[in-house]
Amino acid sequence: MGRNRPLSRGFYDRDTLAVAADLIGKVLVHRTKAGVVAGAIVETEAYIGESDPACHAAPGPTKRNAPLYGPPGVAYVYLNYGMHYLVNAVTEPEGSPAAVLIRALEPLEGEKLMRRRRARGSSRSADSFATHELCRGPGNLTRALGISLDDNKGDLTEGPLRIEDRQRPRREVAWSRRIGINVGVEAEWRVFAVGSPAVSGRIRIG
DNA sequence: CGTTCGATGCACT
DNA sequence: GTGCATCGAACGT
């Protein structure tokens with residue numbers, strides 16, 4: 001059993017709320033020519049099925065949401081508001097469209113590269129970012145990690161973009177409503193590590 | 001502290 | 001043509 005073991009397909013092939021909670025403390029890693037970056041997941045949201053109006057599967061199968069209907073353990077990446085890539089881990093058995101949105105990380109590796117990427121195209125300088133700001137928010141973390149449409153449909157169990165279990169200490173978690181949506185707002189399908197400064201939004205504890 | 005608003009591309013109706 | 005699973009700057013209190 002290696003120390004940086006990628007999560008298995010079976011980890012994702014489960015109830016989406018369980019996966020959303022169990023991803024807290026796991027490590028999202030992206031290996032590119034520019035270098036390796038990694039961060040501990042501290043905030044996620046579940047999007048579950050065609051009956052969830054906020055889930056991209058709500059309209060039924062389309063070209064964009066096809067990965068949601070595919071096998072678990074695959075990345076679903078899409079462009080939001082014309083400028084931010086958001087990354088999800090597909091969950092549940094094939095044919096059951098659901099995923100977990102990764103919303104925030106605590107940087108662990110490649111912080112210098114994260115700073116360069118965040119500063120690029122921004123008015124801020126690389127060293128003006130606090131560490132906990134680098135991957136706070138779903139759009140910010142994909143920028144820091146260099147995640148783009150190239151990573152859509154990538155295999156999280158073995159690709160350059162993957163999620164590993166690095167045996168980090170268990171975090172206390174709390175649940176809240178999901179952030180930034182106008183439908184399906186009542187469900188408490190957001191999970192986050194209590195007290196983490198990297199957690200986004202106003203609903204935070206600690 | 002709070003709220004509002006523009007940027008910016010494209011999937012979907 | 002409409003509406004985003006966002007971000008950050010600009011404003012008001």
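Chain letters run A, B, ... following the sequence lines, proteins first and then strands; every chain starts at 1.
Rounded to whole Å, the distance from NE2 on A:H56 to C1' on C:dT6 is 12 Å. C:dC7 atom P lies 12 Å from atom CZ of A:F129, rounded to whole Å. Regarding A:N140, its CG atom lies at a distance of 17 Å from the P atom of C:dA5, rounded to whole Å. One can place CZ of A:R118 at 8 Å from P of C:dC7, the figure rounded to the nearest angstrom. If you take CZ of A:R64 and P of B:dT13, they are 10 Å apart, rounded to a whole angstrom. With rounding to whole Å, A:L149 atom CG is found 9 Å from B:dC10 atom P. As a whole-Å value, the separation of A:M83 CE from B:dT8 C1' is 4 Å. Computed from coordinates, the A:L86 CG to B:dG9 C1' distance equals 14 Å when rounded to whole Å.
Not one side-chain nitrogen or oxygen of A:H84 sits closer than 4.0 Å to the OP1 or OP2 atom of C:dA5. Put simply, A:N80 has no side-chain N or O that comes within less than 4.0 Å of OP1 or OP2 on B:dT8. Distances shorter than 4.0 Å separate none of the side-chain N or O atoms of A:R143 from OP1 or OP2 on C:dT6. Considering only side-chain N and O atoms, A:N88 lies nowhere under 4.0 angstrom from the phosphate OP1 or OP2 of C:dA5. Contact check, A:S123 against C:dG8: no side-chain N or O comes under 4.0 Å of OP1 or OP2. OP1 or OP2 of B:dA11 has not a single side-chain nitrogen or oxygen of A:T62 nearer than 4.0 Å. Distances shorter than 4.0 Å separate none of the side-chain N or O atoms of A:R124 from OP1 or OP2 on C:dC7.
A donor-acceptor contact under 3.5 Å is not formed by the side chain of A:N65 with the base of B:dA11.
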Side chain to side chain contact (heavy atoms under 4.5 Å, CB included) between A:L86 and A:T142, intermediate numbers included:
CA-CA 7 Å; A:L86 272 56; A:T142 55; 5.5 Å; no
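As rounded to the nearest Å, B:dC10 and C:dG8 have C1' atoms that lie 22 Å from one another.
The cationic atom of A:R14 (NZ for Lys, CZ for Arg) lies less than 6.0 Å from the six-membered ring centre of A:F11 and within 45° of the ring axis. Taking the ring axis of A:Y47 as reference, the NZ or CZ atom of A:R178 stays within 45° of it and closer than 6.0 Å to the ring centre.
Contacts of A:I181 with the nucleic acid, taken as non-hydrogen atoms under 4.0 Å apart, involve only primed sugar atoms and P, OP1 or OP2. Nucleic acid contact for A:G82: base, since at least one base atom lies under 4.0 Å from a heavy atom of the residue.
Note on A:E164 versus A:R31: salt bridge recorded, some NZ/NE/NH1/NH2 to OD/OE distance being below 4.0 Å. Salt-bridge check for A:R115 with A:E111: passed, with a basic side-chain N closer than 4.0 Å to an acidic carboxylate O.
The aromatic ring of A:Y47 sits over the base of C:dA5, with ring centres less than 5.5 Å apart and planes inclined by under 30°.
A 3.5 Å limit on both hydrogen-bonding distances identifies no Watson-Crick or G-U partner for C:dA5.
For A:H30 and A:D151, the side-chain atoms include at least one donor-acceptor pair closer than 3.5 Å.
Checked against C:dA5, B:dC10, B:dC12, the side chain of A:L79 finds its nearest nucleotide in B:dC10.
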